[in-house]
Amino acid sequence: MSACLAVIAAVCFHGLTSVAIHDAGLGVHASVKLNGAEATVQVRSDQVLSLDWRRLPGVCNEDFCVAYYRRCTRSDDMTKCAYRYAILDSGVEKVIELTASDMPHLKAAEQLISILSPAGEAAGEIMLAELKTEAPVEQPPYCRPSGPMADCWPNPPRASSGNPSP
């Protein structure tokens, strides 16, 4: 894939028409317009959650893995998907929401957005289009907000694809 035109919160945009940053104090998000779609990326939030990767699908490349929750809603004039993901070894939930006028525009936008490796763009990326499995439940599974977290976030081995469970 070509170089990123913009990198926002370790999310790479390979194509875009405009970017706006919205700072609400404890929460910051970026709105990115693409051809026929708009992405919202959570940059900062005071609500820090850890996804329970043991109960989520995952995608890996040679450098890193993400566990993710993908949920889409459709209406006559709009398709909206929320992608909640965590890079394994960090555990902190990150959020991208993608809205498009129809499914072809959403699919095209998924091809222009990628999650970057914690080591940076040169170390690899996972395209949003690779997060294909849609969740059957309305809320993602989370780790307990208190108590020992080690049982929820061990260091799993690297895999080539599929669920990143040990």
Side-chain angles (χ1 to χ4, degrees), residues 1-53 56-59 61 63-75 77-103 105-131 134-135 137-146 149 152-153:
M1 180 55 73
S2 62
C4 301
L5 293 178
V7 175
I8 301 166
V11 176
C12 172
F13 291 89
H14 296 284
L16 57 94
T17 58
S18 68
V19 177
I21 305 295
H22 309 280
D23 188 345
L26 295 175
V28 175
H29 70 275
S31 298
V32 180
K33 292 194 186 287
L34 304 114
N35 188 20
E38 182 172 349
T40 302
V41 178
Q42 178 184 317
V43 176
R44 180 180 70 225
S45 174
D46 65 335
Q47 183 178 14
V48 180
L49 299 171
S50 292
L51 289 168
D52 187 347
W53 64 270
L56 293 169
V59 175
N61 71 9
D63 298 310
F64 71 108
C65 295
V66 296
Y68 70 92
Y69 166 90
R70 177 180 187 259
R71 184 76 175 176
C72 299
T73 57
R74 295 162 186 86
S75 66
D77 61 345
M78 181 178 65
T79 299
K80 182 176 185 177
C81 291
Y83 309 82
R84 297 176 176 278
Y85 66 95
I87 295 172
L88 298 186
D89 297 338
S90 81
V92 176
E93 176 189 52
K94 299 181 183 276
V95 181
I96 301 170
E97 291 182 348
L98 189 55
T99 305
S101 56
D102 54 34
M103 191 55 83
H105 281 104
L106 186 116
K107 294 292 184 192
E110 285 181 329
Q111 296 292 331
L112 298 174
I113 302 169
S114 63
I115 301 164
L116 294 178
S117 162
E121 182 180 356
E125 60 188 313
I126 293 174
M127 299 304 296
L128 204 60
E130 294 179 59
L131 282 58
E134 191 162 340
V137 295
E138 288 193 29
Q139 293 295 319
Y142 291 105
C143 299
R144 292 182 304 206
S146 61
M149 297 300 282
C152 192
W153 281 102

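In this text, all values refer to a predicted model and were calculated from it rather than measured experimentally. Residue indices begin at 1 and follow the sequence shown.
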Spatial distance of atom CG (L34) from atom OG (S18) [nearest 0.5 Å]: 8.5 Å

Euclidean distance, D102 CG relative to M78 CE, rounded to 0.5 Å: 12.0 Å

Residues I126, L131; criterion side-chain contact (heavy atoms from CB on, under 4.5 Å); working and verdict: CA-CA 9 Å; I126 293 174; L131 282 58; 3.9 Å; yes

Side chain proximity check, F13 to V41, heavy atoms < 4.5 angstrom: yes

Closest non-hydrogen atom pair between I8 and A30, with its separation: CG2-CB, 3.7 Å

Check against side-chain contact (heavy atoms from CB on, under 4.5 Å), Y69 and L56: CA-CA 7 Å; Y69 166 90; L56 293 169; 4.0 Å; yes

Smallest separation among heavy atoms of I115 and F64, with atom names: O-CZ, 3.5 Å

Side chains of E93 and Y142, donor plus acceptor under 3.5 Å: yes

Heavy atoms of other groups near N35 CG, more than 12 under 6.0 Å: no

Minimum heavy-atom distance T40-S31, with the two atoms named: OG1-OG, 4.4 Å

Pairwise side-chain contact, R44 with D23, heavy-atom cut-off 4.5 Å (strictly under): yes

Minimal non-hydrogen separation, E110 against M127, with atom names: O-CE, 4.1 Å

Test log, rule side-chain contact (heavy atoms from CB on, under 4.5 Å), inputs L16 and L112: CA-CA 8 Å; L16 57 94; L112 298 174; over 6 Å; no

Value rounded to 0.5 Å, distance of CD in E97 from CZ in R71: 13.5 Å

Test item: T17 side-chain N/O and K33 main-chain N/O as donor-acceptor pair under 3.5 Å: yes

Which atom of L51 lies closest to which atom of P140, heavy atoms considered: CD2-CB, 3.7 Å

Shortest non-hydrogen contact between C81 and L106, atoms and distance: SG-CD2, 3.8 Å

Rounded distance (nearest 0.5 Å) linking atom SG of C72 with atom CG of L98: 8.5 Å

Rounded distance [0.5 Å steps], CG in L128 versus CZ in R70: 8.0 Å

Spacing of CD1 belonging to I96 relative to OH belonging to Y68, to within rounding of 0.5 Å: 13.0 Å

